[in-house]
Structures are given as C-alpha cells and as structure tokens.
Amino acid sequence: MIEQWSIAAAAGAFVILTLGFLLLLYKAVKDWRAIRQTVEGMGMQVQTAQAELARILEPAADTVQAVNDQLQSSRKLLLAAEQASEVTNQVAKAAGHLTSLLSETAGRYVELSTGRKKQQIDEALQWAEIAVIAWQLWQNGKIRAAQMEEQEERPAKAKAHA
C-alpha cells in the first residue's frame, strides 16, 4: 500500500515537474521571441540611422567637390574653408548620433538578455533539484518497502521450517 502511494506521489511529482518544465520552456520561447523582435527593431533603427547618415553625407560630398573647385580658383578660399568646417561638423554630428544609437541599442540588448537568461537558468536548476529530491524519496520508499517485505517473510519462513 505504501509502495503504491509512493509510486503515485512520485508520478504526480514528475507530472508537476514536467508541466513546470514545459511552462519554463514556453516562457523562454516567448522571451526569445520578444528579444528577437527587439533586435529586429534595433535593426530597423540602425537602417534608419544609416539612411540618415547617407542623406547627410550626400551634401557633404557635394560640399567637398565645391571646396575643391574653390581651392583651384583660389579666389574663394575662405568660403571653401567654411563649407569644409560645416561638412565636418555635420559628419561628426551624424557619427556621434549613430554611435550613441548603436551604444544604447547594444546596452538594452545586453541588459535584456543577461537578466532573463540568468533567471531562467536559476529556475531550471531549482526544478532539477526538486526532481532529484523526488527521485531520491521514491528510491528510498522502494528500499524501505523491500526491507519491510523481507522482515515479514523471515518469520513466515521460520514458521514453515519449524
């Protein structure tokens, strides 16, 4: 009777453990999808920043050509220097903007992935520990039941031989 209850309890514990593990996997997949969507969103932001940088760099290329023409004619040397300064400022602003955008995006991604994965690993280890304890209890129940059966059989055998 005790053995049947032990088997039922162990089976119930394994069912609960399996359900918990499946829920944990479902949560991990759901989190993975959210991270993937975040990364895709970051990719879109990077593409937008690249398009903005390209839009800014096109006038810069035109300005550089104008500077070259001005230097060759040597009459508008001062104007060319001013335009070059503006282009440099625009490029520096665009590069700074792109760098800060990439840095923020990478920081958010690292924060999201490290915190969630550590928590998932901790939960998985806790579930594994529960499973090992349940298995040990089940094994101990089987051993005790076998010992009790041996003790009950000994007096019966002794009476049979007598």
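Side chains are part of it too, since the values below use all heavy atoms of this structure and drop only hydrogens, waters and symmetry mates. These figures come from a predicted structure and were not determined experimentally.
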Once you round to the nearest 0.5 Å, how far does CD of Gln37 lie from CZ of Arg33? 9.0 Å

Just wondering, more than 12 heavy atoms not from Glu3 lying within 6.0 Å of its CD? no

To the nearest 0.5 Å, atom CG of Leu53 lies from atom CD of Glu58 at 10.5 Å

side-chain contact (heavy atoms from CB on, under 4.5 Å) with Leu137: which residues, sequence neighbours excluded? Ile133

Only counting residues at least two apart or in another chain, list the ones meeting salt bridge (charged side-chain N to carboxylate O under 4.0 Å, His left out) with Glu129. none

Straight-line distance of Arg144 CZ to Ile2 CD1, nearest 0.5 Å: 9.5 Å

Value for OG1 (Thr48) from CZ (Arg55), rounded to nearest 0.5 Å, stands at 11.5 Å

Side-chain donor-acceptor contacts of residues 8-29 below 3.5 Å, not counting sequence neighbours, with atom names and distances?
| from | atom 1 | to | atom 2 | distance (Å) |
| --- | --- | --- | --- | --- |
| Thr18 | OG1 | Phe14 | O | 2.7 |
| Lys27 | NZ | Asp31 | OD2 | 3.4 |

